[in-house]
Asker: 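First the structure, which I've put down as structure tokens, then a few questions once you've had a look.
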Amino acid sequence: MAQQKPSIPKGTRDFNPNEMARRNYIFDTIRKHFKLYGFSAIETPSMENLSTLMGKYGEEGDKLLFKVLNSGDFLSKVSEEQLNEKNSNKLTTKISEKGLRYDLTVPFARFVVQHRNELTFPFKRYQIQPVWRADRPQKGRYREFYQCDADMIGSTSLLNEVDLVQLIDDVFQDLSINVSIKLNNRKILSGIAEFVGEADKIIDITVAIDKLDKIGLEGVNKEMEAKGVFPKAIEQLQPIINLSGTNSEKLDTLKELLASSEIGVKGVEEMSTVLNYLEALEVKSEVELDLTLARGLNYYTGTIFEVKALDVAIGSITGGGRYDDLTGIFGMPDVSGVGISFGADRIYDVLNELDLYPEHTEDSVQVFFVNFGSDEGKYCLPLVSKLRKNGINAELYPASAKMKKQMKYANDKNIPFVVMIGGNEMEKNLLSVKNMESGEQNDMNLEELINLIKR
RNA sequence: GUGAUUGUAGCUCAGUUGGUUAGAGCGCCGGAUUGUGGUUCCGGAGGUCGCCGGUUCGAGACCGGUCUUUCACCCCA
């Protein structure tokens, strides 16, 4: 049989033990803060019914969904005529009814509606699972990646937004990543579109403005023009696109400009409220009202969040927002929610680039026992067990291989302490403990070893 | 989906205008050292040159296709 070369699909990755230790450090840190803020864990299946996913992420999103073929002879139900038509979109609905989840928010909305009678509202959940997008991979962009979501649903209070900003701040402080937390509000964007008389072009306008950093003012104007925004409207937009100053200065300007737009006023009010609360708190990261922050899914209706790493160019590492009616499409209208999503894989890339990992993570082995033979090995077993019961990661080499091989094993695994117990030590009832970093070696009993590690 | 780009040992890369048996460093394995890793010395193994096809007396090199990598656009964590 011909050997096949092992490979994995485009845009996916293997993670070796070292990488997993680092990833778990990220997940553990985020999870810790999720819990501190009162979120409970849930999980949903990798696959959802396509009817749940389709149409929730815009036309572009539908294209990026991974679809799963029906089981069995999936073509048997397709007519000759449909096959000959060669219309992929039409055929897809006949031969595929499941798809891999594209994010965690829509499955969460489905979950909430499906389990509404079992849940207590406001419901706060966190969810750390992979999602899949059939995108072309590039820097910081994968086809399989983890999202770490925290959402609260069933409360319109802006205190939730405030909580989320603090949560973001806490997580990135803990990870030692310098970030800028950018805030905007969909209602302000609507107000702006209304103010310039192009309410129906809000998406085109905001998507264009979002690219300000990348393509400059001229590029933004050109793009709006190409999308059919009236020149007069573009002119009126200029002071808004160029808006600068402190958050409160920006708000003052907007308040004046948007006074005629009911929804715009509402947006400015919401933003002021959130920023006011935050001023009284100790948020270490920079929090900025950024009108160019417009990306995001079509379902955001209020506050929009985005977090950028200050020291690495990698796009946003966290995003989120408020959605007033995500559950409506599943038959549960008028339930407002707000949430954020940490992009674990991009955070991983940032930490790698800045080399910000702690040297020893909770995953690593702390004590290694050399195995000198069957009697010696047997003698070690209860000692290893005792260390583990004391919460110390420990292992005994499974065979009495050459000393050199065993030492190399411990060295390669970066294990800080090696215990050697041969005939001498057994007789004296002592452990010969070698500190692998300093090379020092001392005899001691188990209690002393435990104290040495725990201190 | 559009336009570029990459692929030679486990890793990072050399490889002349197409010409014998494709190289290096690191890593790996063994030994110097039968209870001492990381340093040193000696020795060794390891390659269908991404894959398929074409041009040629002859292809790692040239051509076509395909997969993969990276990047930009679209969009996005």
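The basis for the numbers below is simple: all heavy atoms, side chains too, and nothing from hydrogens, waters or symmetry mates. Below, chain A is the first sequence line, B the second, and so on; all start at residue 1. All of these numbers come straight from a predicted model, not from anything done at the bench.
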Asker: Does any N or O donor sit under 3.5 Å from an N or O acceptor when you compare the side chain of A:K404 with the base of B:U36?
Answerer: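 No.
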
Asker: Would you call A:E270 and A:R322 a salt bridge, using N to O less than 4.0 angstrom?
Answerer: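 No, this pair does not count.
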
Asker: Starting at the 5' end of RNA chain B, which residue's closest nucleotide do you reach first, A:E223 or A:M403?
Answerer: A:M403

Asker: Parallel, tilted or perpendicular: which fits the ring planes of A:F111 and A:F108, with parallel below 30° and perpendicular above 60°?
Answerer: parallel

Asker: Only Watson-Crick and G-U wobble pairs with both distances less than 3.5 Å should count. Give RNA chain B in dot-bracket notation, marking inter-strand partners with |.
Answerer: ((((..(..((((.....[...)))).(((((.......))))).....(((((..]....))))))..))))....

Asker: For nucleotides B:C26 and B:U16, find the distance between their P atoms and express it as a whole number of Å.
Answerer: 24 Å

Asker: Is there a donor and acceptor pair, one atom on the side chain of A:R141 and one on the base of B:C71, closer than 3.5 Å?
Answerer: no

Asker: Could you work out the separation of B:U6 and B:G65 based on their P atoms and round it to a whole Å?
Answerer: 15 Å

Asker: Give me the ring orientation class for A:Y57 and A:Y102: parallel if the planes are under 30° apart, tilted from 30 to 60°, perpendicular past 60°.
Answerer: tilted

Asker: Heavy atoms only, 4.0 Å cut-off, all strands: where does A:Q138 land among base, sugar-phosphate and nothing?
Answerer: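 The answer is base, as A:Q138 lies within the cut-off (heavy atoms under 4.0 Å) of a base atom.
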
Asker: Please figure out whether A:T12 or A:G343 has its closest RNA chain B nucleotide nearer the 5' end.
Answerer: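 Comparing both residues, the 5'-ward one is A:T12.
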
Asker: Using atom P in both nucleotides, what's the gap between B:U5 and B:C62 to the nearest angstrom?
Answerer: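 So the two P atoms sit 13 Å from each other.
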
Asker: Pick the P atom in B:G25 and in B:U68, then give their distance to the nearest Å.
Answerer: 34 Å

Asker: Would you say the side chain of A:N411 and the base of B:G37 hold a donor-acceptor pair, judged only by whether the two atoms sit under 3.5 Å apart?
Answerer: yes

Asker: Under 4.0 Å between a side-chain N or O of A:K402 and OP1 or OP2 of B:G35?
Answerer: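 The answer is no; no side-chain N or O of A:K402 sits under 4.0 Å from OP1 or OP2.
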
Asker: Rounded to whole Å, please give me the gap between NZ in A:K10 and C1' in B:G50.
Answerer: 14 Å

Asker: Is the ring of A:F342 stacked on the base of B:A77, with centres less than 5.5 Å apart and planes under 30° off?
Answerer: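 Stack criterion not met.
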
Asker: Taking the side chain of A:Q441 as its heavy atoms from C-beta onward, which of B:C75, B:A32, B:G35 lies nearest to it?
Answerer: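 So the nucleotide nearest the side chain must be B:G35.
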
Asker: Would you say CZ of A:F230 has more than 12 non-hydrogen atoms from neighbouring residues, nucleotides or ligands within 6.0 angstrom?
Answerer: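 At most 12 heavy atoms, drawn from other residues, nucleotides or ligands, come within 6.0 Å of this atom.
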
Asker: Using 4.0 Å as the upper bound for N to carboxylate O, is an ion pair formed by A:R23 and A:D345?
Answerer: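 Counted as a salt bridge, because a side-chain N and a carboxylate O are separated by less than 4.0 Å.
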
Asker: Measure from CG on A:L351 to P on B:A77 and round the result to the nearest Å.
Answerer: 19 Å

Asker: Using the P atom in both, what is the distance from B:A9 to B:U2, to the nearest Å?
Answerer: 31 Å

Asker: How many whole angstroms separate atom NZ of A:K405 from atom P of B:G31?
Answerer: 10 Å

Asker: Tell me whether the side-chain N or O atoms of A:K434 pair up with the base of B:G37 as donor and acceptor below 3.5 Å, since no angle test is needed here.
Answerer: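 Yes, the side chain and the base share a sub-3.5 Å donor-acceptor pair.
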
Asker: Could you check whether A:K413 and A:Y409, counting side-chain N and O atoms only, form a donor-acceptor pair closer than 3.5 Å?
Answerer: yes

Asker: Would you mind reading off the distance between A:R133 atom CZ and B:A77 atom C1', rounded to a whole angstrom?
Answerer: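 Rounding to the nearest Å, CZ of A:R133 and C1' of B:A77 are 6 Å apart.
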
Asker: Is there a side-chain polar atom (N or O) of A:K139 under 4.0 Å from OP1 or OP2 of B:U69?
Answerer: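 No, no such contact exists.
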
Asker: Using a 4.0 Å heavy-atom cut-off across all strands, classify A:G58 as base, sugar-phosphate, or nothing.
Answerer: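 No contact.
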
Asker: How many Å lie between CG on A:N16 and P on B:G10, as a whole number?
Answerer: 17 Å

Asker: For a quick check of understanding: with a heavy-atom distance under 4.0 Å over all strands, which category does A:G423 fall into, base, sugar-phosphate or nothing?
Answerer: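 Touches a base.
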
Asker: When only distance counts, do a donor and an acceptor, one from the side chain of A:R136 and one from the base of B:C75, lie under 3.5 Å apart?
Answerer: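 By the distance-only test, no, there is no pair.
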
Asker: I'd like to know if A:E288 pairs up with A:K250 as an ion pair, taking the criterion as any Lys NZ or Arg NE/NH1/NH2 lying under 4.0 Å from an Asp or Glu carboxylate oxygen.
Answerer: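 The answer is yes: the pair qualifies as a salt bridge.
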
Asker: Check A:D28 with A:R31, please: is the shortest side-chain N to carboxylate O separation under 4.0 Å?
Answerer: yes

Asker: Answer yes when A:K408 and A:D412 have at least one side-chain N-carboxylate O distance shorter than 4.0 Å, and no when they do not.
Answerer: yes

Asker: Before you tell me yes or no, could you show the steps for A:Y142 and A:D349 under side-chain contact (heavy atoms from CB on, under 4.5 Å), namely the whole-Å CA-CA distance, both residues' side-chain angles and the distance that decides it to 0.1 Å?
Answerer: CA-CA 12 Å; A:Y142 307 99; A:D349 288 344; 2.7 Å; yes

Asker: Rounded to whole Å, how long is the line connecting atom CG of A:D412 with atom P of B:G27?
Answerer: 11 Å

Asker: Just call it for A:G140: base, sugar-phosphate, or nothing, with non-hydrogen atoms closer than 4.0 Å on any strand.
Answerer: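 Result for A:G140 = base.
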
Asker: Which whole-number value in Å describes the distance from A:I314 CD1 to B:C71 C1'?
Answerer: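 Whole-Å distance recorded here is 14 Å.
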
Asker: With a 4.0 Å cut-off on heavy atoms, is A:E59 in touch with a base, just the backbone sugar-phosphate, or nothing at all?
Answerer: nothing

Asker: Check whether the side chain of A:E60 and the base of B:G1 form a donor-acceptor pair under 3.5 Å.
Answerer: no

Asker: Write down the distance separating the P atoms in B:G15 and B:G58, rounded off to the nearest Å.
Answerer: 26 Å

Asker: Mind checking the P distance from B:C11 to B:C63? Whole angstroms is fine.
Answerer: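 Pairwise P distance, B:C11 against B:C63, rounds to 26 Å.
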
Asker: Can you check the distance between B:G31 and B:A22, where both ends of the measurement are the C1' atom (answer in whole Å)?
Answerer: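 So the two C1' atoms sit 29 Å from each other.
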
Asker: Take atom CG of A:L104 and atom P of B:A77, then tell me their distance rounded to the nearest Å.
Answerer: 11 Å

